[in-house]
Amino acid sequence: MLRSHTCGELRAEHVGEEVTLVGWIDTIRDHGGLRFIDLRDRYGRTQVTLSPETIDGAELTSLRSEQVLQVTGRIQSRPDGMKNPRLLTGEIEVIATVATLVGDCPALPFDFAGGDLVNEELRFQYRFLDMRRPEVQRRFQLRSDLQHQLRNHLHEKGFIDLETPMLTKSTPEGARDFLVPSRLNPGELYALPQSPQIFKQLFMVAGFDRYMQIVRCFRDEDLRADRQPEFTQLDLEMACVEEDDVIEVLEGLMAHVVKALTGQEVETPFRRISYDEALLKYSSDAPDLRSDLEIFEMSDLAEDLGFKVFSGAVEAGGAVRGVRVPGAAEWSRKQIESLEAIVKNQGAGGLAWMKRTEDGLAGPVARFCEGDGGTQLVERSGLQVGDLCYFVADRSKRVVINSLSFLRKELAQKLGHIQPGALEFCWVTEFPLFDEDEATGSPVPCHHPFTAPHPDDLDQLESSPLKVRARAYDLVLNGFEVGGGSIRIHQRDLQERVFEAIGLSPEEARSKFSFLLEALKYGAPPHGGIALGIDRLVMILAGDDSIREVIAFPKTQRGTCQLTGAPTHVSDQQLEEVGLRVADPPKPASSQVSGDETGDSTQQ
RNA sequence: GGGGAAGUAGCUCAAUUGGUUAGAGUCCCGGCCUGUCGAGCCGGUUGUUGCGGGUUCGAGUCCCGUCUUCCUCGCCA
């Protein structure tokens, strides 16, 4: 070993020992003759003292941050008053007798001490440097600990860890697939899995009645702060279960990992909220229960109020909804109206409001509240003296919901409802089995086509499919969907009915999912499961706003990797080997010319 | 595909209604300094203001285009 100890383990009890450390130079405090170096590694920081009395510093003239230094010396108790209580190793220092620069480093491309404030583009370009920072190391330690705890707990509960293919079959439903050409089968392509969904169902048929896997999934869709094209799921599936069984396992799992990682007790069972209630009260299918702000419906009052903006929206098939903000009547007009930008950003025309003071109602909406509608509005909103109400009206219900969702988030923040470290879990249940495809009007699976319909709604599967509820459940934490699952269909005939409802002919269904349909014939037990988004979970537990922070080498919003430059063009030979031709070959650099078929004059 | 924000020194930022030589902190380089821990003090270097065009006597600032990054709608079974 090139070191005897790490930079985080030396204490007063080691005084007198000779040790050798290897670490990065964190900071240097140069007093001319005497130099102090904080040597840093994954485990901590230790002060190394270079004194002319103990070491010949002639060869150590150009010490700089982030060089790798190997130091041998004796541990000494720091003189009184020189101890650093903020450092675990602050009682001692290493009096260096030998110091070797084992890894040089040029001036850094970004400010190491700048924290996460440094340009993300630059940090991810130099991610290997960025990840050296203690706050980044903590995130990945947390990530590792989480995965360890998840596996351990599930292992104890009898789950078996099984793997599924990465090169698999494209299924046109759901997200866009990432495709991989097959050299041995020219013109044919694999797809990377969007999830191991069907495979884990086959495990159930195979009798592995409790399966789990921490697995990478791929979806070729646009990116967001909480969405990357490749992401990690904790996937699990159980046979012979109903909703409550899966939910109970997950609640135990969450309580266990949160306790193990943060020491916090999580109260179980989690609240269950129906999809409809979530969308109305919290304006989101992933309610953030850290705030108790609630949205209320008032479309029915619009006509009575006589406010054209409201009634017009409702008549056009939209909605008017409001939210009461306790104690906000004292906000300045400017402050109140500053939030309008948030809803406008979601497509709303504006943000109406009304406040109630000792003198009565005031604000733009107040003058429409003199009649019966106004009385009802005040009653329904619960508007008290000192409160404010915001209203959003739009001809599109979706715009209203999206606007209020963002508004609620901002208000919760502004009112101080969002406490650091708070973890509020809930289940969202009773999802519809299908959504309506906006283009065609036909039903598309809300979750995926293997989700079991609610038994009470089975008779409506053909007659009014959009009314059928699913046996699906989402796990929500602090306003993020961190997991989603369902009880699956385990009878072949029901599976075929669902395929038919989404417009898949028996032939199509067979060509796409023959292996599943086949398996369901051969003794499939009832089963269900869930998948958790590991990246999102870690992000929330780490207190971050983006999953990029907890992914070692994330992609930019355009799906590129700042570090490697992926994706790239490949050689014609590589393409030929896999039997592919690029339809629109790369244009020569710095050429504005559109595809010029003569190809001769593209130089100019 | 749509909406929004940002891009000025290696880094983080500033620069009045368009105005003269684009500044500060930090990093870096040099000097001083034996008890610091964000060490201190003194001095110094650093710019195609993302790129291309335009308006103007004059553009970091205004206009058009474009690139990059971020947020977001759609999309994400």
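Letters A, B, ... are given to chains in the order of the sequence lines, protein chains preceding strands, and every chain is numbered from 1.
Using a 4.0 Å heavy-atom distance criterion, Leu122(A) is classed as a sugar-phosphate-only contact. Residue contacts shown for Gln228(A) are absent, as no nucleic acid heavy atom lies under 4.0 Å away.
Straight-line distance between the C1' atoms of rU26(B) and rU46(B): roughly 13 Å, to the nearest whole Å. On the C1' atoms, rU21(B) is 13 Å away from rG47(B), given to the nearest whole Å.
Between Phe499(A) and Phe513(A), a ring centre-to-centre spacing shorter than 6.0 Å is recorded. If you look at Tyr43(A) and His5(A), their ring centroids are not closer than 6.0 Å.
Checked by distance alone, Arg219(A) brings no side-chain donor or acceptor within 3.5 Å of a matching partner on the base of rC76(B). Residue Asp222(A) places a side-chain atom within donor-acceptor reach of the base of rG74(B), judged by atom type and a 3.5 Å distance cut-off alone. At a cut-off of 3.5 angstrom, counting only N and O atoms as typed in the model, there is a donor on one side and an acceptor on the other between the side-chain of Glu53(A) and the base of rU34(B). Evaluation of atom-type donor-acceptor distances gives a pair under 3.5 Å for the side chain of Glu93(A) against the base of rG35(B). Under 3.5 Å, the side chain of Asn84(A) and the base of rC37(B) form at least one donor-acceptor pair of N or O atoms. With hydrogens and angles ignored, a donor-acceptor pair under 3.5 angstrom links the side chain of Arg227(A) to the base of rC75(B). Taking 3.5 Å as the limit, the base of rU36(B) and the side chain of Arg78(A) contain a donor-acceptor pair of atoms between them. No donor-acceptor contact under 3.5 Å links the side chain of Gln562(A) to the base of rU69(B).
A salt bridge links Glu243(A) and Arg471(A); the closest N-O separation between the charged side-chain nitrogens and carboxylate oxygens is under 4.0 Å. Comment: Asp38(A) engages Arg29(A) in a salt bridge, judged by a side-chain N to carboxylate O separation of less than 4.0 angstrom.
Among the nucleotides rC75(B), rG35(B), rU36(B), the one closest to the side chain of Arg224(A) is rC75(B).
Contact annotation: Arg29(A) side-chain N/O to rG38(B) OP1/OP2 distance is not under 4.0 Å.
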